[in-house]
> 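This is the structure I have questions about; it appears just below.
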Amino acid sequence: MTGAELVFVPLGAVALGSSVLVVTTDQLVRAALWLVVALGALAGCFLLLAAELVAWVQVLIYVGAVVVLLLFGIMLTRAPIGRSVDLDSGNRVAALVVALGTAGTLVTVVVGGFRTASIDLGDGSAGSAGTVGAGLFRYWVLPFELLSVLLLAALVGAIVLSRRDIGPRARDGGED
Amino acid sequence: MHVVYPVVLAALLFSVGVYGVLARRNAILVLMSVELMLNAVNLNLVTFDAWLKDTLASGQALTLFVIAIAAAEVGLGLAIVLLVFRNRSSIAVDQLRDLADRDAPSAVPGETVAEREAAR
Amino acid sequence: MTVAGVLDVVLRLVLVVGAFLLLPLLVGQLEHKAMAHMQSRVGPMYAGGFHGWAQLVADGVKFVQKEHVVPTAADRTVFSLAPAVALLPYLLVLAAVPVGPGLVAVDLPAGLFFALAVLSVSVLGSIMAGWSSANKYALLGGMRTAAQLLAYELPLVLAGSSVVMAAGTLSLSGIVLAWRPWWLVWQAAAAVVFFVSGLAELARPPFDMPLADSEIVLGPLTEYTGLRFALFMLAEYAGIVVLCALTAVLFLGGWRGPFGDASLGPIWLLAKIFLLAFVVIWVRVSTPRLRSDQLQRLAWLVLVPMSLGQLALTGVVKVVTS
Amino acid sequence: MTAALAVPVVLAPFLAAAVGLPLGRRLPPGIVAIAGTAVSAVLAIAVAVSSRPAETLARLTPTGGIAVTVGVRVGGLSATVAVMVTLVALAVQVYSVGYLRGDPRYPSYAALVSLFTAAMLTVVLSADLLLTYAGWEVMGVCSYFLIGHHWERPAASSAAVKSFLMTRFGDVGFLFGVFVLGTAAGSFRITDVLAAVPTMSHTTVLAAALLMVVGVVGKSAQFPLHSWLPDAMAGPAPVSALIHAATMVAAGVYLVALLFPVFLAAPLALDVLAVLAVVSMLGAALAAFASADLKRVLAYSTISQLSLMFAALAVGGRTAAIAHLVSHAAFKALLFLCAGAVITAVGGGLLTDLGGLRRAMPVTFATMTVGFAALAGFPPTSGFFSKDLVVAAAGHAASGEAALVTVAVAWLVAVAVLLTAGVTAAYATRAWLLTFFGTERPAREAGPVLTGPLLALAAPALLLGLAALRWPELRPEWGSALASVAVVVLGAGVVLARWRAAPGRDPADLLGRARPLLASAWHTDDLYERTVARAVTGLAERVVAVDDRVVGRAVTGSGRNAGRLGGLIRLSQNGNPQLYLTGLLAGVLLIAVGVVVLA
């Protein structure tokens, strides 16, 4: 085991453990907070894989924006403090079977496929902003631009969906 | 560093996400589980980018794209969830059953149509 | 890694932690005194003798002695963790701020991104506190925090991006090195946007809608007492320090001064930080609180367009001069 | 020329039917039907006058097997019968206008009568056996509709069904007879078939002839398929006149006459025909004597008279048969129309309800007297001459001059014909007495629309025989004439004597205890009821049961089971997206595992 692996394994354990807590905890807000932990640990994994820019973007977008949005949504949908009894649907057993099946299949396949493969991290410049930026704007310009259009569309869509003075009237008042 | 570690982690994360999507009732929790699955994919992308030393940096570029799309997805998803909540005062995924076969005598064994309508 | 190397790192970290513990207190003291003088009230003048300099220490001792109260309905764990989550990111950011040529605790290639990413985490503390208090004022405050963060994160990042474009690097040290005095004019708009957005993220007046003691008592902090409340206060002042440090580094040349050599760098930086901190306090005292709709309007109709215009200007100048 | 005239003879009533059915309600009643029939009658007379054999043919679409042709074939026989058919039909159409005045179903009735006429003319004038068969079948359908004209009455609708089923039974025989002849001759053209008869094997000809006999027996209501005809009285009187006199039953006689060469080549079939005719003739005559209803009397007399014609055919008297067919058409149509007038006046046809109408309905009395006289065979009516021809033919056969049938059968025929003549005179006299004599009762003579056709038909019924004296072969022979007149006078005299002895009493009491047996036509209906009908009903019930329990239950059961199975699958369609997604992912997983394991 190399040093990187020594750090990676506990980080991965944290990520996995907290993600398991995300899907099993019976407190909504804690699920979001565990998600923060899991995503932070994953950002650490990215750092270990020399993907520095990706790691910080991960923290900035996921932790700073996505999770805040999720928390916002949780609060707007009147999440209770403490335990909720009905966070799991009746589908648990089937879901567990499918998830275990997925895990078994995927792990079997990837272990079989990459047993001997090893990453040479080199000087660690592979994930620097310069390298990624160069790749992004040299080879991935068209997808990048398309993505900007997508984001614009999402922006417009979200505005249309949430503004009540646009589109069809809501049937009943409901939330504030 | 072995490829197996991150890849196995990604596989397990993905499975956890699958479980969450399938087992959780609350739509926001389902969204979170989707994020977990996306992150598992991101981890794979980054890992293979590092392993293959791709000159196009495709793995990391795609990861950035996925992150951006995930942000958009969460934004839209939450907008929809809030709209649903506003209209129905509930975001329990398994109670949003407008796709159901309406004439079915009883969709869930032991549940009558009236109960189902009341639950809706 | 050699022993010297380890020692070097440890020393740097200790220095950072020292600065982290000291600087916010100084800013706090500055705020107390500056406000007192601006509002023509004397304030406590006895603790410690000269101008009551030890009043803040005494306050700290008082906070430590106070009882910990956790509301019955609160989510205890989250409630307890919230102050730490609010405070720690600033410590991490401080570690990445260069105080002189080569004088930086951790020199990160993507330093600005790191700083912005970690800063955004600290907002989670407020949200956690707001939700876990089981208090409607706290919850309202938490939601206001979230809304404010989402609104001001965008101009903050865009303004930072402008400097990054100008300097051609994400590294904070690199930005300082690339900085030229005429950028004061060139990046003026970005500087204003960055500073204002930062104030909003910190929920400092006039952007203190989430706290708004006259409306919702103290927002997320309503239920906090004693040391935990003190930690939140500390986080606020640490936030001021970090914001001022980042503004100084990005827009004001960081440790570079109009005269003197590089060894004077930390002095220059500290001077700039305290100057900016004074501005923060000045603004607090002199401007009324914005309503929430004004807040959003300012973000989306003023700051975002301004930062986008700055970005375009930066791009044009960059292309022309290169 | 003749053929060109003959085609519209068939088409005119057909067109009248086609036009009358949709437009009948808007036009004055009967105008289309009468016009069509009148045109047809005029043309038929023209054809008969020109009287040269002619044939025209058009081939239908090639069918691969034996060619089917469409065309007309005019000969002396067909021209005569065509004139008879059209004239009777014309009389019936005119009469119907008055008889069915105010009937809401008159337009369709008139159109159906036109179609009926057209079908009969098709049979008569067709040049192809299959076309003949088509006309034959259309007649069956028309008779079904017309007998069931008052379908709201149970008797009428059941009589319609009965006639349809019984004639249909015979039609099957006819159809197969046509097939046998057609395949044996290699053509369905009548000319070809008749020409090919000598070359056919004996068995083929016999089979064809016997099958034809089956068909003829059904259509002409001979024993044992006779019982539909008396029941068919449930139809309106003009329909009865048409069926009994000119169409339908006459078709059987006409067909045998037309295909006479076939029968000549198969004497055994003639024997069978003769025996059947004898049984029918005597039985029906006795049934007529016992019958209590005026129209039933006439119906049985029709059976009896048709048997007479078949007997004549069986003993080789083809001309006698045709002559009797024509004269019978005249007087039987007259009798039925008179009966219709009587029924209209009195309101019912039971002989016990009639009587004393002599003064009240003088025209009807006079014309019906002529009709009965012709039926009984009193000279100088047409019936006398034609019946005398039959008697003469039978006598010749019995004396072995033209040995078509065995001598024993010929004797049987001769005796039966004479006996029948006596019984016929007896029941004709009885019906005449019971209708017009006895206690007077109030009634009104029918209007000119009804009496017109009566007078028009009374003339040929009275004079046709005299007119036929022009042709030598139609002149009576003295011996047979004397014998038949003696028998007729005897029969009538017995009844008259009885009436004299006990006025007002039914002379049928002479039969004593045999009367109920005879009135029910020897219980044949009961016999059929007990055997055929019950067996068929039982079988039908069993089929219904099988259909219900096996087929029906299989169908509903499979439907129900499919529903239940669908219900099971429906359970999964409960609208829960997570369930759908679970299924989807499980499927993907299975495929992935399959790929991993198998690849």
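Per chain, numbering begins at 1; letters A, B, ... match sequence-line order.
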> Do the non-hydrogen side-chain atoms of B:Leu43 and A:Phe46 ever get within less than 4.5 Å of each other?
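B:Leu43 vs A:Phe46: side chains touch.
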> Given heavy-atom pairs under 4.5 angstrom as the criterion, report whether the side chain, backbone, both or neither of A:Leu69 touches chain B.
both
> Can you give me the closest heavy-atom contact between B:Val3 and A:Ser118, atom names plus distance?
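Nearest pair, atom of B:Val3 first, then A:Ser118: CG2-N, 3.9 Å.
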> At a heavy-atom separation under 4.5 Å, does B:Leu52 approach chain A through its side chain, its backbone, both, or neither?
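Neither part.
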> Does a side-chain heavy-atom distance below 4.5 Å link B:Leu64 with A:Leu147?
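Answer no - side chains too far apart.
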> When you compare the side chain of A:Tyr62 with that of B:Leu38, does any pair of heavy atoms fall below 4.5 Å?
yes
> Give a yes or no on whether A:Trp140 atom CH2 has more than 12 heavy-atom contacts from other residues, nucleotides or ligands under 6.0 Å away.
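Check passes, neighbour count above 12.
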> Does any heavy atom of chain B fall under 4.5 Å from the side chain of A:Phe72, the backbone, both, or neither of them?
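Looking at A:Phe72, nothing touches chain B.
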> A:Leu106, A:Leu136, A:Leu16, A:Val107: which one forms the most heavy-atom pairs within less than 4.5 Å of chain B?
A:Leu16
> Side chain from CB out, backbone as N, CA, C, O: work out which of these in A:Ser148 comes under 4.5 Å of a heavy atom of chain B, or both, or neither.
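The answer is neither part of A:Ser148.
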> Need one label for A:Ala31: side chain, backbone, both or neither, based on atoms under 4.5 Å from any heavy atom in chain B.
both
> Which of the residues B:Pro6, B:Ala40, B:Gly75 is involved in the greatest number of heavy-atom pairs with chain A at under 4.5 angstrom?
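Among B:Pro6, B:Ala40, B:Gly75, the one with the most close pairs to chain A is B:Pro6.
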> Among B:Ser58, B:Ser33, B:Gly20, who wins on heavy-atom pairs under 4.5 Å with chain A?
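Heavy-atom pair counts peak at B:Ser58.
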> Check whether any side-chain heavy atom of A:Leu100 sits under 4.5 Å from a side-chain heavy atom of B:Ser15, and report yes or no.
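No, every pair of side-chain atoms sits at 4.5 Å or beyond.
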> Can you name the closest pair of heavy atoms from B:Arg24 and A:Thr25 and give their distance?
NH2-O, 2.6 Å
> Can you tell which part of B:Leu76 gets under 4.5 Å to a heavy atom of chain A, answering side chain, backbone, both or neither?
both
> If I measure from the heavy atoms of chain B, does A:Leu35 come under 4.5 Å with its side chain, its backbone, both, or neither?
side chain
> How far apart are the closest heavy atoms of A:Arg115 and B:His2, and which atoms are they?
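Closest approach of A:Arg115 to B:His2, heavy atoms only: O-CD2, 3.9 Å.
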> Tell me, out of B:Val8, B:Val4, B:Leu31, who's got the most heavy-atom pairs with chain A below 4.5 Å.
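Most heavy-atom pairs within the cutoff with chain A belong to B:Val4.
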> Under a 3.5 Å distance rule, please check whether B:Gln60 uses its side chain to pair with a backbone N or O of A:Val54 as donor and acceptor.
no
> Please classify the contact between A:Leu39 and chain B as side chain, backbone, both or neither, with a heavy-atom cut-off of under 4.5 Å.
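Side chain only.
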> With a 4.5 Å cut-off on heavy-atom pairs, point out which of B:Ile80, B:Val30, B:Leu83, B:Leu36 contacts chain A the most.
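Most heavy-atom pairs within the cutoff with chain A belong to B:Leu36.
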> I need the B:Leu29 CG to A:Thr24 OG1 distance, nearest 0.5 Å.
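Nearest 0.5 Å value for the CG-OG1 distance: 10.5 Å.
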> Counting only non-hydrogen atoms closer than 4.5 Å, does A:Leu70 touch chain B with its backbone (N, CA, C, O), its side chain (CB onward), both, or neither?
both
> Which heavy atom in B:Ala68 sits nearest to a heavy atom in A:Leu151, and how many Å separate them?
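Of all heavy-atom pairs spanning B:Ala68 and A:Leu151, the closest is O-CD2, 3.7 Å.
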> Checking B:Leu12 against chain A: side chain, backbone, both or neither under 4.5 Å from a heavy atom?
both
> State which residue, out of A:Val98, A:Val23, A:Val97, fulfils the side chain to side chain contact (heavy atoms under 4.5 Å, CB included) condition with B:Leu22.
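By the side chain to side chain contact (heavy atoms under 4.5 Å, CB included) criterion, B:Leu22 pairs with just one of A:Val98, A:Val23, A:Val97: A:Val98.
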> On the 0 to 90° scale, with breaks at 30° and 60°, tag the B:Phe65-A:Phe144 ring pair as parallel, tilted or perpendicular.
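B:Phe65 vs A:Phe144 ring planes: tilted.
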> Examine whether an atom of A:Phe8 lies under 4.5 Å from a heavy atom of chain B, and if so say whether it belongs to the side chain, the backbone or both; otherwise answer neither.
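Contact with chain B is through the side chain of A:Phe8 alone.
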> Taking side chain as everything from C-beta outward and backbone as N, CA, C, O, which of these in B:Leu13 sits under 4.5 Å from a heavy atom of chain A? Side chain, backbone, both or neither.
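B:Leu13 touches chain A through backbone and side-chain heavy atoms alike.
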> Would you name the heavy atoms of B:Val16 and A:Ser19 that are closest together and state the gap between them?
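Shortest heavy-atom contact: CG1-O, 3.5 Å.
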> Quick one: of B:Leu78, B:Asn39, B:Asn42, who has the most non-hydrogen atom pairs under 4.5 Å with chain A?
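Top count of heavy-atom pairs under 4.5 Å with chain A: B:Asn39.
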> Take B:Met32 and A:Ile74, measure what side-chain contact (heavy atoms from CB on, under 4.5 Å) needs, and give me the verdict at the end.
CA-CA 11 Å; B:Met32 289 184 198; A:Ile74 288 174; 3.5 Å; yes
> Heavy-atom pairs under 4.5 Å with chain A - which of B:Leu62, B:Ile28, B:Val18 has more of them than the others?
B:Ile28
> B:Thr63 versus chain A, heavy atoms under 4.5 Å apart: side chain, backbone, both or neither?
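Side chain only.
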> Which answer fits A:Ala32, side chain, backbone, both or neither, if we ask what part of it has an atom under 4.5 Å from a heavy atom of chain B?
both
> So what's closer than 4.5 Å to chain B heavy atoms on A:Leu96: side chain, backbone, both or neither?
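Contact with chain B is through both the backbone and side chain of A:Leu96.
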> Could you label the plane-to-plane angle of the B:Trp51 and A:Phe114 rings as parallel, tilted or perpendicular, counting under 30° as parallel and over 60° as perpendicular?
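Correct class here is perpendicular.
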> Considering all heavy atoms of both residues, which atom of A:Gly73 and which atom of B:Leu82 are nearest to each other, and what is their separation?
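Smallest interatomic distance, heavy atoms only, reads O-CD2, 4.3 Å.
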> I'd like to verify something: which residue of A:Leu42, A:Val57, A:Ile61, A:Leu11 has the highest number of heavy-atom pairs under 4.5 Å with chain B?
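Sorted descending by pairs with chain B, the first entry is A:Leu42.
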